[in-house]
Q: 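Have a look at this one.
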Amino acid sequence: MDALKTIAASSLKTETPKFNIGDTIKVGVNIREGEKERVQMFEGTVIAKKGSGVAETFTVRRVSYGVGVERVFPIHSPNVVSVEIIRHGRVRRSKLYYLRDRVGKASKVKEQIR
């Protein structure tokens with residue numbers, strides 16, 4: 001078990017972004033297209049955080065051309081280049097799965113003034 005812990009500890013990022021559920025964030029993801037590599041931004045609302053350690057993930061949801069798109073990102077993945085917080089949301093739940101059923105302005109999360 002100690003060998004697994006040392007491998008897991010070596011793959012952890014030193015600085016993880018500090019964001020909460022309901023925040024609107026921009027995630028920079030490395031995309032490989034043949035020989036080329038570029039960073040693609042994915043902007044949306046954080047609806048869930050799960051796990052701990054190396055297996056910690058967060059789910060980001062956005063509506064693109066009328067279709068809801070959700071992506072799950074591992075926090076400690078080398079493919080996740082950057083996480084930029086755009087606005088802080090005021091929520092009272094730890095999982096915002098109810099936003100999947102909402103349409104239009106009802107799917108917005110109120111902003112928390114800091």
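Keep in mind that the numbers below use all heavy atoms, side chains included, and drop hydrogens, waters and symmetry copies. Only a predicted model underlies this, so the values are computations on that prediction, with no experimental measurement involved.
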Q: Just wondering, do His88 and Glu111 contact through their side chains at under 4.5 Å, heavy atoms?
A: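 No. Closest side-chain heavy atoms not under 4.5 Å.
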Q: Answer yes when Glu70 and Arg100 have at least one side-chain N-carboxylate O distance shorter than 4.0 Å, and no when they do not.
A: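 Result for this pair is yes, salt bridge flagged.
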Q: If we ignore hydrogens and angles and just use 3.5 Å, is the side chain of Asn30 paired with the main-chain N or O of Val39 as donor and acceptor?
A: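 Not at all, since once roles are kept as given, no pair shorter than 3.5 Å links the two residues.
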Q: Between Tyr97 and Ile47, is there a side-chain heavy-atom distance shorter than 4.5 Å?
A: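 Of all side-chain heavy-atom pairs linking Tyr97 with Ile47, at least one is under 4.5 Å.
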Q: Would the distance check show the side chain of Lys13 and the main-chain N or O of Ser77 forming a donor-acceptor pair, the cut-off being under 3.5 Å?
A: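 Yes; at least one donor-acceptor contact below 3.5 Å.
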Q: Please name the pair of heavy atoms, one in Val91 and one in Gly22, separated by the smallest distance, quoted to 0.1 Å.
A: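 In terms of heavy atoms, the two residues are closest at CG1-CA, 4.1 Å.
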Q: Do Leu96 and Ile21 come within less than 4.5 Å of each other through their side chains, counting heavy atoms only?
A: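 Result yes, sub-4.5 Å side-chain heavy-atom pair found.
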Q: If you look at every heavy atom in Val54 and Ser11, which pair is closest and at what distance?
A: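 The answer is CG2-OG, 3.9 Å.
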Q: Is the shortest heavy-atom distance from the side chain of Lys18 to the side chain of Thr16 under 4.5 Å?
A: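 The answer is yes, as the side chains (C-beta and beyond) meet within the 4.5 Å cut-off.
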Q: Does atom CZ (Arg87) have a neighbourhood of more than 12 heavy atoms from anything else shown, all under 6.0 Å?
A: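 Correct, the count exceeds 12.
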Q: How would you list, by chain and number, every residue that makes a ring pair (Phe, Tyr, Trp, His ring centres under 6.0 Å) with Phe42, sequence neighbours excluded?
A: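 Testing Phe42 for ring pair (Phe, Tyr, Trp, His ring centres under 6.0 Å), a comparison that skips the adjacent residues, returns Phe73.
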Q: For the pair Glu33 and Arg38, find out whether any cationic side-chain nitrogen is under 4.0 Å from an anionic carboxylate oxygen.
A: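 Yes, this pair counts.
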Q: Between CG of Leu12 and CD of Glu56, what distance do you get to the nearest 0.5 Å?
A: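 Taking CG in Leu12 and CD in Glu56, the distance rounds to 9.5 Å.
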Q: Within a radius of less than 6.0 Å around NZ of Lys95, do more than 12 heavy atoms belonging to other residues, nucleotides or ligands occur?
A: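 Yes.
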Q: When clusters are formed by joining ILVMFWY residues with side-chain heavy atoms under 4.5 Å apart, either directly or through shared neighbours, do Phe58 and Met41 land in the same one?
A: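 No.
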Q: Just so I know, are the side chains of Thr45 and Arg62 near enough to count as touching, which here means a heavy-atom distance under 4.5 Å?
A: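 The answer is no; the side chains never approach within 4.5 Å.
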Q: If you round to the nearest 0.5 Å, how far is NZ of Lys49 from OG1 of Thr59?
A: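 The distance works out to 11.0 Å.
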Q: Are Arg71 and Val29 close enough that some pair of their side-chain heavy atoms sits under 4.5 Å apart?
A: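 In short, these two side chains touch, coming nearer than 4.5 Å.
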Q: Let me check something: do Val81 and Ile25 share a hydrophobic cluster, defined by ILVMFWY side-chain heavy atoms less than 4.5 Å apart, either directly or through other members?
A: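 No, Val81 does not connect to Ile25 through the hydrophobic network.
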Q: Just wondering, do Tyr98 and Arg93 contact through their side chains at under 4.5 Å, heavy atoms?
A: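 In contact.
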Q: Distance from Ile86 atom CD1 to Glu84 atom CD, nearest 0.5 Å?
A: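 Rounded to the nearest 0.5 Å, the CD1-CD separation comes out at 5.5 Å.
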Q: Can you hop from Ile85 to Ile75 via hydrophobic side chains spaced under 4.5 Å?
A: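 Cluster IDs for Ile85 and Ile75 match.
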Q: If every non-hydrogen atom of Ser107 is compared with every non-hydrogen atom of Gly104, which pair is closest and at what distance?
A: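 That would be OG-O, 2.7 Å.
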